[in-house]
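First up is the structure itself, then whatever we jot down about it.
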Amino acid sequence: MDLDSKQLYFKEIYTKEADNIFRFVFLRISNKEESVDITGEVFYKFWQIVCKEEVSTPRALLFTIARNKVIDWYRKKQTKSLEAMTEKSEEDENVPFYFQVEDEKADKDIVISAEASWVMEVLHSLPPQYKEVVSLRFIDGLSPQEIGEVLHITPNAASLRINHALEKMRKELGINIKDE
Amino acid sequence: MNNKWQKGIKDLQKLSLSKKEKQILLDKIFNELPKKPVISTWVSPFVMFKSHVTAFVVFILLVAGSSISLAAESSLPGDILYPIKISVTEPVRGVIKISPEEKIEWEIEKAVRRIEEVSILVTEERLDEKKQEKAEELFEKHTENFKVRSEREIEKHKIEEEGKQDAVKENENDKGKAQIKEQENERNFERERKEVEDKVEELKKAKGKALERNKKEKESKNNPSYRSDNND
């Protein structure tokens with residue numbers, strides 16, 4: 001693939017997946033501005049990889065990068081708060097971000113519906129490993145194969161974990177959902 | 001309950017970037033990122049060889065190459081590695097000698113090495129006509145090189161001195177002094193040339209001795225009476 005067709009390929013994937021990645025990040029760090037930044041970073045990394053090699057499962061790759069970025073973000077936050085505890089004078093120091101999107105609408109708070117926040121509550125009540133597969137499966141719409149790739153497990157293990165989670169939800173919360 | 005779940009999921013899926021945000025982000029990515037794939041031009045020696053096989057082969061060649069040249073250094077005429085010593089390791093060592101003095105010394109050393117080789121062959125009783133011819137030929141070559149190089153240097157030296165003398169003449173306007181100096185210099189050159197010739201002579205004598213010894217030993221070997229005496 002030459003550079004032009006790579007750019008086209010990248011743009012195509014970006015238009016399809018940018019919202020999904022943004023949502024994935026936003027639901028995990030609940031900060032819109034930073035979510036936009038991280039979305040940019042994810043696609044930046046993705047572009048670098050596309051330039052270097054052929055990508056067979058772009059969606060799984062994007063979610064893997066996004067997941068790692070979120071983990072990094074939490075790590076950074078943790079060290080920052082530790083530093084803040086020991087040195088209160090440097091509390092306000094901002095971590096510089098690569099991307100700064102200026103949009104008047106960007107600052108508007110995202111309001112989510114009562115049902116949506118209820119779903120989030122349900123997810124948070126689940127054990128971490130179930131929370132992750134359920135949100136990847138139902139909110140992000142990833143296939144068990146893709147989930148397996150993101151979480152570094154086999155597709156079968158991913159399916160199994162989803163079924164266990166659904167069973168738990170049905171038994172303990174009375175929510176009966178089927179995985180089509 | 002299920003409907004509530006479905007609606008909640010749908011609402012969550014509506015979360016998205018605005019069109020403007022998306023476009024700005026895309027522009028940023030394309031503007032700020034290099035247009036070409038980011039591949040470092042610096043290649044680490046550890047990752048230079050992508051496959052382990054090539055790395056291994058290069059490693060073996062390096063090890064083998066260095067040990068062969070080491071072994072070649074101590075080889076004698078008639079050995080398999082001797083041509084490597086003559087046509088590879090010695091010229092390579094010669095390249096390292098930069099100053100003309102060093103180069104001249106290296107020529108002498110090479111001539112001495114030929115004599116040493118011949119004397120070792122003699123003591124080991126392995127010298128034959130062919131080897132001897134080869135050693136003589138190389139010895140001639142080295143001494144010739146030595147002569148040419150040292151004469152060239154002396155010539156150079158002379159020209160330089162003359163240049164200096166001209167300057168001295170102009171400055172001092174003292175012809176007598178210059179003449180005396182010139183004579184002194186000429187004498188110096190004469191002495192240097194003699195030293196060079198003496199050295200060549202010395203080397204030739206050393207070689208002659210080695211050959212003589214060799215001849216004697218050969219004769220004693222070929223002497224039938226000596227042999228029959230021994231056999232009886």
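The model shown is predicted, which means the values in this text are computed figures rather than measured ones. Chain letters run A, B, ... following the sequence lines, proteins first and then strands; every chain starts at 1.
For A:Val25, no part lies near chain B; criterion is any non-hydrogen pair under 4.5 Å. Only the side chain of A:Leu27 comes within less than 4.5 Å of a heavy atom in chain B; its backbone stays farther off.
Enclosure of atom CZ in B:Phe59 is not indicated, since only 12 or fewer non-hydrogen atoms of other residues, nucleotides or ligands lie within 6.0 angstrom. Crowding of B:Ile80 atom CD1: a count of heavy atoms from other residues, nucleotides or ligands under 6.0 Å not exceeding 12. Counted within 6.0 Å of NZ on B:Lys141, heavy atoms from surrounding residues, nucleotides or ligands total 12 or fewer; the atom is thus considered open. Within a 6.0 Å radius of NZ in B:Lys134, no more than 12 heavy atoms belonging to other residues, nucleotides or ligands are found. Atom NZ of A:Lys131 has more than 12 heavy atoms from other residues, nucleotides or ligands within 6.0 Å.
When atom types are taken as modelled, the side chain of A:Arg23 and the backbone of B:Ser16 share no donor-acceptor pair closer than 3.5 angstrom. At distances below 3.5 Å, at least one donor-acceptor pair connects side-chain atoms of B:Gln13 with backbone N or O atoms of A:Ile139. Between the side chain of A:Tyr14 and the backbone N or O of B:Leu25, no donor-acceptor pair lies under 3.5 Å. Judged by distance alone, the side chain of A:Asp19 and the main-chain N or O of B:Leu17 form a donor-acceptor pair under 3.5 Å. Within the 3.5 Å criterion, the main-chain N or O of A:Ala18 finds no donor-acceptor partner in the side chain of B:Lys22.
Taking CD1 of B:Ile29 as the start and CH2 of A:Trp47 as the end, the distance is 10.5 Å to the nearest 0.5 Å. Here OG of A:Ser113 is found 12.0 Å from NZ of B:Lys10. Values are rounded to the nearest 0.5 Å. The CG atom of B:Leu12 lies 11.5 Å from the CH2 atom of A:Trp118; values are rounded to the nearest 0.5 Å. Distance check: B:Glu21 CD to A:Phe22 CZ gives 6.5 Å after rounding to the nearest 0.5 Å.
Comparing A:Val119, A:Val122, A:Asp140 by heavy-atom pairs within less than 4.5 Å of chain B, the highest count is held by A:Val119.
The shortest side-chain heavy-atom distance between B:Trp5 and A:Met169 falls under the 4.5 Å cut-off.
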For a side chain to side chain contact (heavy atoms under 4.5 Å, CB included) check, start with the C-alpha distance between A:Phe10 and B:Leu26, then their side-chain angles and the critical distance, and finish with the verdict. CA-CA 10 Å; A:Phe10 176 80; B:Leu26 184 68; 4.0 Å; yes
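For the pair B:Asp11 and A:Ala116, the tightest heavy-atom approach, listed with the atom from each and the gap, is CB-CB, 3.8 Å.
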